[in-house]
Amino acid sequence: MSRKAFGVIMADEYTPVDEVAWQQKWDEANIFDCNMADERPKFYCLEMYPYPSGKMHMGHVRNYSIGDAVARNKRMMGFNVLYPIGFDSFGMPAENAARDEGGHPYEITERNMASITQQIKRMGFSYDWRRQVKSHDPRYYKWTQYFFSQFYQKGLAYREFAPVNWCGQCVTVLANEQVKAGRCWRCNGPVTQKEMNQWFFDTPQYAQELVDGLETVAYPENVKSLQKDWLGRSEGAEISFKVNDSELVIEVFTTRPDTLFGVTFVTLAPEHPMAEQLVQGTKYESGWKALYDEVSVMSEFDRIKNMNKKKGVPSGRFATHPLTGEQIPIWIGNFVIASYGTGAVMAVPGHDERDFDFAQTFDIPVKRVLSMTEDADPLAPLEAAETDFGWMVNSPIEGFDGLYGEEAMKAITDALESKGIGKQTLNWKIRPWLISRQRYWGTPIPIIHCEDCGVVLVPESDLPVELPTDVVFATGNPLETSESFVNVDCPTCGKAARRETDTMDTFVDSSWYFMRYTDSMNDDIFFEPETVNHFMNVDFYCGGIEHAQMHLIYARFFTKALRDLGLHSIDEPFNKLLCQGMVNAPAPWCESCQLTFSVGHADSPCPHCDGPLTNRSAKMSKSLGNTVSPGLMIEKYGADTVRLFILFSANPTAGMDWSDTAIASNHRVMIQMASMPSRLLAWNGSASSMDTWMLGRLKQRCEEFQIAMEHFDLRRAVEISHYDLIKDINWYVRRGGENAQLGLQIIKTWTHLVSVSTPHLAEEWWQTIGMEGLVCGTEMEILAPISADEQSALDCETLLRSVLDSARRIKDVAERHLDGPAQSAIVVVSPTWKRTMAVEALDFIEQGGSPKKFVAHLSQMEMTQGERKGEIIGYWGKKMLPQVFKWDDASRVLLRSELDEVEALSQRAHFIAEELGLQSVQVVLGESPEDETGRAGGSLPLAPAIVYA
RNA sequence: GCCGGGGUUCCCGAGCGGUCAAAGGGGGUGGACUCAAGAUCCUCUGCGUAAAGCUUCGCAGGUUCGAAUCCUGCCCCCGGCACCA
């Protein structure tokens, strides 16, 4: 039996579709190549730049299955789709592996890339592989270096001796964003502070634009809020406090200038340069030194954690209050962070909890300068800091008392500005991006240090500065071990000089790869402005939430910075961002300990409490051992089944639970799907009235499919293509349809829908029905809009189905009353006046009439002029009024249409009888002479009463 | 504490003023087919009843002819930020 013989394949057998063969055909036909010259509208679909670990995991599979479905749909809908892939191939894992196991990061990386590439290709994703980008390719990092040079010349990249985060395990520094809860984001090792000469990008320069830009892009709300938190905009004032007996001035930043009169001390961070100056040679110096030594070696995390223990030392010096001239003691405190604001705060214990704590500890006076209610006693003592906005009281200067909130703050800043001792300012939490890494496997920073000329840029013509191979991976920065790399002549003066040995953070590489993709085969330039402007921005960007702050802030910063260098004209790199949900799988769980254990503990008692373990869904992870290998699943079920399962089991943004039974059941769907072409092509009947319905239904499904795709509701799209259409076809057949010609038309259109999520199967279908070429390279023929006839057929069948539904619902009960099986039924269509009333009421309300006032209108109508007036008006209030609003738009159209319910149902009476297992079904108009049931009362338009006998 | 997202019928999950007792899936039920199993198809899955009515969408109120959906207050869960001046 041939491998292509469908229908008799058992569930546990390998999928019959030869997926690899189709992948080869796609490859040979170059159908996924995307070219600038293509005149169709562009669509840029992108997934986050992957790190090339050796194996593809389920998270990758999910990410790419989503992206691929979006790309394939757009391609089929006539877009010129740019859908590239590449590898974020610099980074520490390869270097650590080289250090620990021998070998060279280059070889390790290339080997991993080859292996993961093969696995990705086996899934059949529709990438334009020609455009592949690799961070560690000198053809790529040459331009990364070029951009660094440009930034340097513009002052956007600079070198500074500063305290930085140091990860001892990774033997390198980290950016602020890369420190998570005081630990390294990559290795989770402890992070300490160290002062070093380091390279920075001046990200705060773009802070405002990075906040504003969030309003123009379609990111999930949580990502926007994460980014805003990270950028940390705060408005306030900078105020100068002159230090007594010196020329020194302490600048403080405050968000609450309205509390200025409540300042009873000023506090400096221990690292504040002025702190040492103030105490030098005094009896206070040792106190400061002790605090400094304690605090400066702490990681920022530990430090913030310990801030609740207020520590501080007096400096022995005083400053002058800028408005009142009062003498204010200067303290040095552990709770002030040197790098935030100005590294100094004005302390207002009356209206700030932290300052209140400190004042209590050191017995510093507390002053009330705000009242929380307008007419409160201004002299009421403060039991605790009152931090809300309030009305200014006790102001030593005229004109401030009684001012509130914004107004109060403005009055103070105005007063300061007029005296030149303060100004309104904006402060940001985001700090410059530290890009230096003391590691080998990254883009070398193109700088030469010359004794005479200082810091010198490597001339553009000498780029790229390539990584040397003669390095030793032991401890420290391997680049320093390469004589050939380090020793270089100064490009300016020619004297012997030293190369910079720091390399760049790999997040620099991933900050512009999406622009390189647009022109990645071009080695003359990073990208042609015209090309990048054509393809950017990214229309659909899919990846994990873990990049919500780092990558997504850096990439946005880079895009704006390159734009300002005149290299392109794009403001925001990513228009639509979708963060895919986690992939979970069951893991042992102890209810009483609330702990998850690795799968090794399955079937044994809880290691902590000895209680029984149950299963619970948890993120797939190596440590829990609950991972599922994509490779094995592809081997067992094929790539199409894996894709179908992944797309169908959850919406892209929702968490997804892995289930062995569910993937098996999806595989059965695939097997059933495989037989569809032969099933439909085997029809040998002629045209029938159901054909009109089927064609209308097909058109409806295509529309629904596109709506779902537009909303990235891939679950719904797959449901339409792989579940609903089967049900529709079953209905068509059940109603007697078997038109061979229509069968071909259905399958032709359907193949396109199927190709979005299960492309290999779609090719198989395309071939089976004798179509030319590859369906994945063929635009979908858009069907004509639904015709009036088709609509009416859809409507009649909808009516039929709803009648059948309610008939089935009451059949059991009816049979109980009949004391035996029902033999026949009479369908009593609602009397004409009900439909007239319904339409009249709909018109009335749609024209803005109040439902309450319809009774008056109804009383004027002809139908209420007879003896049934009371009954009819009663019917309106009790039955029709609630129903009027329940009809959807389609039903409203139907009510006003020519549809004759009696006729439509009479034509289908035989089918109804068959479905209900009855000998006969009669359809009558309620209250007409033929209606002997007396049961028309329960009927409604589009919902006849059914009387069993 | 602040910001963002949530709490829906046995479970997962859609809905976000009337088509809502509430899609779809899972699980369960009954039936068709079959020697049987699998697969497939159909029915039912809040109580109730010849279609009524009643209760239900975290809790309590409110707006409306009508609320799962809108407003107010409260409780709980998840994520982020946080002695940030």
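In what follows, chains carry the letters A, B, and so on, assigned in the order in which the sequence lines appear, proteins first and then strands, with residues in each chain numbered from 1.
Val366(A) places none of its side-chain heavy atoms less than 4.5 Å from the side chain of Thr264(A). Put simply, the side chain of Thr255(A) does not reach to within 4.5 Å of the side chain of Glu235(A), judged on heavy atoms.
Within a 6.0 Å radius of CD in Gln424(A), other residues, nucleotides and ligands contribute 12 heavy atoms or fewer.
For Asp229(A) and A82(B), the CG to P distance is 8 Å, given to the nearest whole Å. The nearest whole Å value for the distance from the CZ atom in Arg233(A) to the P atom in C81(B) is 21 Å. Rounded to a whole Å, the CG atom of Asp258(A) is 13 Å from the P atom of A85(B). When rounded to the nearest whole Å, the span between CG of Asp352(A) and C1' of C84(B) equals 10 Å. With rounding to whole Å, Lys429(A) atom NZ is found 12 Å from C3(B) atom C1'. The CG-C1' distance, from Leu214(A) to C3(B), rounds to 14 Å in whole Å. Separating the CD1 atom of Ile671(A) from the P atom of U40(B) is a distance of 9 Å, rounded to the nearest angstrom. Asn176(A) places its CG atom 15 Å from the C1' atom of A82(B), with the value rounded to the nearest Å.
Between Phe648(A) and Tyr723(A), the gap from one ring centroid to the other is short of 6.0 Å. Under the 6.0 Å cut-off for aromatic ring centres, Phe253(A) and Trp428(A) do not qualify, their centroids lying 6.0 Å or more apart.
Residue Ile545(A) is classed as having no contact, given no heavy-atom separation below 4.0 Å to the nucleic acid. Using a 4.0 Å heavy-atom distance criterion, Glu353(A) is classed as making no nucleic acid contact. Residue-level contact check: Val336(A) touches the bases, meaning some heavy atom is under 4.0 Å from a base atom. Residue contacts shown for Val947(A) include a base, since a base heavy atom lies under 4.0 Å away.
Between the side chain of Arg715(A) and the base of A14(B), no donor-acceptor pair under 3.5 Å is found.
Remark: C81(B) base-pairs with G1(B); criterion is Watson-Crick or G-U wobble with both hydrogen-bond distances under 3.5 Å. With a cut-off of 3.5 Å on both Watson-Crick or G-U wobble distances, the partner of G27(B) is given as U45(B).
Looking at the side chain of Glu719(A), the nearest of the listed nucleotides G24(B), C84(B), G4(B) is G24(B). Minimum atom distance to the side chain of Arg734(A) is reached by C42(B), of the listed C3(B), C42(B), A14(B). Among the nucleotides A85(B), A52(B), G80(B), the one closest to the side chain of Lys879(A) is A52(B). Listed nucleotides G80(B), G25(B), A51(B) differ in distance to Phe648(A); the shortest reach to its side chain belongs to G25(B).
At least one side-chain nitrogen or oxygen of Thr255(A) sits closer than 4.0 Å to the OP1 or OP2 atom of A85(B). Considering only side-chain N and O atoms, Tyr948(A) lies nowhere under 4.0 angstrom from the phosphate OP1 or OP2 of A50(B). Remark: Lys852(A) is in phosphate contact with C65(B), judged by side-chain N or O atoms under 4.0 Å from OP1 or OP2.
When the P atom is used for both A85(B) and C16(B), the distance is 39 Å, rounded to whole Å. With C1' as the reference atom, C70(B) and G18(B) are 14 Å apart, rounded to whole Å. When the P atom is used for both C10(B) and C59(B), the distance is 13 Å, rounded to whole Å. Rounded to the nearest Å, the gap between the C1' atom of A39(B) and that of C57(B) is 37 Å. When the P atom is used for both A52(B) and C2(B), the distance is 48 Å, rounded to whole Å. Remark: the separation of the P atoms in U63(B) and A68(B) is 16 Å, to the nearest Å. The gap from the P atom of G7(B) to that of G15(B) amounts to 10 Å, rounded to the nearest Å. Of the C1' atoms belonging to C12(B) and G62(B), the separation is 33 Å, rounded to the nearest Å.
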N/O contacts under 3.5 Å, protein versus nucleotides 15-18 of chain B?
{"unit_1": "G18(B)", "atom_1": "O2'", "unit_2": "Phe885(A)", "atom_2": "O", "d": "2.2"}
{"unit_1": "G18(B)", "atom_1": "O2'", "unit_2": "Lys886(A)", "atom_2": "N", "d": "2.8"}

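A distance of 9.5 Å separates CD in Glu797(A) from CZ in Arg697(A), rounded to the nearest 0.5 Å.
The nearest heavy atom of RNA chain B to Ala807(A) and to Ser225(A) marks one nucleotide each, and the one closer to the 5' end goes with Ser225(A). Along RNA chain B, the nucleotide closest to Asn651(A) and the one closest to Ile726(A) are compared, and the more 5′ of them pairs with Asn651(A).
Gln847(A) and Asp843(A) share no side-chain donor-acceptor pair at under 3.5 Å. For the residue pair Asn651(A) and Thr653(A), no side-chain donor N or O sits within less than 3.5 Å of a side-chain acceptor on the partner. Side-chain atoms of Glu546(A) and His551(A) form no donor-acceptor pair, as typed in the model, at a separation below 3.5 Å. Judged purely by distance below 3.5 Å, without hydrogens or angles, the side chains of Tyr340(A) and Ser234(A) pair a donor atom with an acceptor atom.
Contacts between residues 933-945 of chain A and RNA chain B, defined by a heavy-atom separation below 4.0 Å, involve Arg935(A), Ala945(A), listed by number.
Geometrically, Lys310(A) engages Phe335(A) in a cation-pi contact, judged by NZ or CZ lying under 6.0 Å from the ring centre and within 45° of the ring axis.
Here the side chain of Tyr637(A) pairs no donor or acceptor atom with the backbone of Asn666(A) at under 3.5 angstrom.
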